[in-house]
Number of protein chains: 2
Amino acid sequence: MALRSRTKDKAERPAATEADGRTPLPRPGEYLTDPLLWASWLYHHDELTQSQIADLMGVSRATVVNYLQQARDLHYVKVVVRPELLNSIDLAQQLKQAFGLAECMVIPFDGGMRPPSERIGRAGAQYLDQILTNGDVLGVAWGRTVLTLAENLPEKAMPDSCVVQVIGSQRSAYDGFTAEECVAFIARRLHARSISLHAPAALSNAALRDALMREPTIQEQFARIRSCNKLLFGICTVKANSLVFASGLISVDESKYYITKGAVGVIAGRFYDVEGNWLRGSMDDRMIGITLDDVRAVPARIAVAGGPDKTDAILGALRGGYLTALITDEPTARNILGRL
Amino acid sequence: MALRSRTKDKAERPAATEADGRTPLPRPGEYLTDPLLWASWLYHHDELTQSQIADLMGVSRATVVNYLQQARDLHYVKVVVRPELLNSIDLAQQLKQAFGLAECMVIPFDGGMRPPSERIGRAGAQYLDQILTNGDVLGVAWGRTVLTLAENLPEKAMPDSCVVQVIGSQRSAYDGFTAEECVAFIARRLHARSISLHAPAALSNAALRDALMREPTIQEQFARIRSCNKLLFGICTVKANSLVFASGLISVDESKYYITKGAVGVIAGRFYDVEGNWLRGSMDDRMIGITLDDVRAVPARIAVAGGPDKTDAILGALRGGYLTALITDEPTARNILGRL
DNA sequence: AACTGAGGTTGTCAATTGTCAGGCCGAGGT
DNA sequence: ACCTCGGCCTGACAATTGACAACCTCAGTT
């Protein structure tokens with residue numbers, strides 16, 4: 001019970017010898033079991049206390065703390081809140097029903113401690129991990145939330161899959177915010193092939209864009225895009241602080257046309273109104289990327305989006321049928337349902 | 001930073017009002033979100049402290065503790081130590097190599113605090129959860145370890161699957177130890193169909209057994225058994241304290257014959273020697289259940305077994321090729337490898 | 001041989017978490 | 001209307017856990 005003196009600890013391993021006569025523990029230096037793993041298992045599965053583990057392993061408790069911390073950092077352990085339950089809470093059910101979604105995850109409100117995009121990204125990572133299977137062709141657009149998702153995606157071996165960039169590249173004001181980076185990141189986590197679109201998202205005129213589109217390599221990429229069976233994207237507002245503007249993809253001036261036509265949201269660079277109608281404009285002729293019609297052709301279309309501003313944008317996307325699965329948070333879900 | 005007084009908590013919800021003006025929290029009594037789920041998510045995903053959660057939800061911290069505990073009990077959350085890592089630790093690798101196993105999980109030693117069957121059962125539950133997919137036909141034999149596995153199997157929807165009892169029923173000295181119960185339990189957890197074998201495991205003479213075997217319903221069940229694509233079973237020793245005797249399936253007298261022929265273990269009521277040869281005897285002609293030849297015909301054959309006595313029994317089973325996946329613990333793995 | 005710096009371990013202390021006896025409140029019985 | 005019981009919540013206390021600065025140890029360098 002009292003803290004053991006530590007002066008004598010090297011020589012003996014009291015817990016081991018008494019408990020298991022026939023299987024001597026490995027002598028120091030010939031561990032057959034990774035100590036991180038050993039500690040993690042005993043802690044999380046067998047619910048021993050850190051002190052018990054420390055005795056068992058013959059190190060101090062503080063060391064065990066470190067082991068456990070490292071194991072967490074290396075993602076040796078995962079804590080999962082059963083996603084199907086979040087699927088079933090009332091708000092999610094209502095959204096599913098109202099918009100014919102196949103799946104909807106509504107994560108609880110956290111009192112506004114962290115940005116919704118971060119929390120939703122993490123939730124999305126868990127969801128994606130769960131539904132992806134080897135052989136999938138996953139299209140990925142970009143967004144703040146998609147990026148956090150990518151960063152939190154657990155590692156998983158899907159060697160026969162590929163991750164496809166569905167919108168051209170653009171220079172971003174923020175770090176790591178380009179579509180290529182999202183795609184590459186996700187592909188790496190999945191041990192999958194990454195297929196990026198070697199072209200800018202927006203060109204200065206339609207003729208150039210058309211010429212580029214006729215390039216065989218680009219044609220090939222677009223064939224890939226149309227072969228996606230799953231698609232992951234964020235939803236952007238058209239407000240001034242929105243990422244589409246901050247990233248330089250679209251200038252505020254250019255957006256004026258769309259806004260006067262009633263634009264409320266942007267998916268993969270394409271504007272739509274609150275009814276979900278795709279608003280085609282001059283921008284569209286200068287962009288390289290998936291169209292909203294293409295989006296609807298993908299079997300599983302997963303949107304990760306949420307936050308106080310995004311109500312209308314998400315509502316429009318839902319009405320337009322651009323999604324089959326929505327991952328959002330509780331305030332946002334309430335807002336959307338309140339707008340009906 | 002200092003602990004906030006709790007006397008004023010009913011009236012206000014400080015974190016909420018400032019952070020999110022447009023979405024009032026539900027008034028008490030109209031929670032749309034299950035409080036267990038809410039608390040669990042904030043705790044495990046957003047890493048808030050229990051006090052923060054208590055403030056947010058407007059209850060005392062102790063209540064949050066209870067919520068979290070309940071959520072754990074109801075399996076709302078899962079803590080998973082990445083199983084592929086246990087697959088890769090040295091002992092597991094050596095066993096895989098030595099016996100041509102497809103998978104092998106070796107869980108770390110816990111100092112002998114809990115019975116191996118309990119710990120291995122839990123590990124097996126996690127493994128099974130991971131490899132099962134909808135549509136599987138899972139055969140299940142019985143055993144102490146299989147039962148703990150069943151109890152710890154997380155809930156999972158596999159409506160198109162079935163769980164098949166591969167050995168007849170028997171009265172047991174222990175509670176819940178019959179094959180039917182294991183099967184029913186697992187089936188319930190998986191929302192799958194449970195197919196039990198309505199016949200005793202052992203009859204008093206071979207003629208009766210043969211007559212029963214000719215019954216169409218029994219024939220049907222056996223067709224099912226042969227259609228299994230996965231099989232789950234425990235491994236029993238032939239020592240006097242073994243479950244096969246305690247359960248009354250086999251009498252100690254009857255076992256004498258097998259033991260003199262060199263029996264070291266029992267799988268689904270069938271004896272085999274240390275080389276893995278099936279020892280056929282008079283018992284076998286009076287039993288209703290899967291044979292060891294049938295076992296080998298199943299594509300995935302998962303054994304959960306471990307403990308100081310079981311070394312030889314497992315070794316024989318490995319040599320006989322009755323397993324494709326073994327889940328055991330570190331001392332047992334060492335013993336087996338030491339016996340080579 | 002003495003120095004130095006990186007990597008890993010340790011003891012201490014504050015923060016967080018688990019426990020438990022007692023209090024509150026509503027349902028159902030008298 | 002009053003009482004009793006059971007379930008849920010609370011507050012205070014004990015145990016566990018996390019953070020951190022100091023400390024070893026050992027290999028490479030002077």
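Just so it is clear, the model here is predicted, and its values are computed rather than measured. Note on naming: letters A, B, ... go to the chains in the order of the sequence lines (proteins, then strands), and numbering restarts at 1 for each one.
Using modelled atom types and a 3.5 Å distance limit, the side chains of B/Asp73 and B/Gln69 yield a donor-acceptor pair. Between B/Thr145 and B/Thr148, the side chains place no donor N or O within less than 3.5 Å of an acceptor N or O (distance only, hydrogens not considered). Side-chain polar atoms of A/Asn335 and A/Lys310 form no donor-acceptor pair below 3.5 angstrom. When only modelled atom types and interatomic distance are considered, A/Thr332 and A/Asp329 share a side-chain donor-acceptor pair under 3.5 Å.
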I'd like a list of close polar pairs between nucleotides 16-18 of chain D and the protein, N/O only, cut-off under 3.5 Å.
unit_1, atom_1, unit_2, atom_2, d
D/dT17, OP1, A/Tyr43, OH, 3.3
D/dT17, OP2, A/Gln50, N, 2.9
D/dG18, OP2, A/Gln50, NE2, 2.6
D/dG18, N7, A/Arg61, NH2, 3.3
D/dG18, O6, A/Arg61, NH2, 2.8

Distances for protein N or O near nucleotides 22-24 of chain C N or O, under 3.5 Å:
none

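Whole-Å rounding puts the A/Glu47 CD to C/dT19 P distance at 10 Å. Look at CG on B/Asp55: it is 14 Å from C1' on C/dT16, rounded to the nearest Å. Whole-Å rounding puts the A/Asn66 CG to C/dG11 P distance at 13 Å. Atom-to-atom, CG of B/Leu42 to P of C/dT17 comes out at 13 Å; the value is rounded to the nearest Å.
In this structure, the separation between CD on B/Glu330 and CZ on B/Arg119 is 9.5 Å, given to the nearest 0.5 Å. In this structure, CG in B/Leu86 is found 12.5 Å from OH in B/Tyr127, a value given to the nearest 0.5 Å.
A/His44 meets the ring-ring contact (aromatic ring centres under 6.0 Å, His included) test with no other residue; sequence neighbours excluded.
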Exercise. Could you go step by step and tell me if A/Arg189 and A/Ile186 meet the side-chain contact (heavy atoms from CB on, under 4.5 Å) rule?
Worked result: CA-CA 5 Å; A/Arg189 288 294 169 96; A/Ile186 292 178; 5.8 Å; no
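Regarding contacts with the backbone of D/dT10, a side-chain N or O of B/Ser60 is found under 4.0 angstrom from either OP1 or OP2. Residue A/Thr63 places none of its side-chain N or O atoms closer than 4.0 Å to OP1 or OP2 of C/dT9. Taking only side-chain nitrogens and oxygens, A/Tyr67 never comes nearer than 4.0 Å to OP1 or OP2 of C/dG8.
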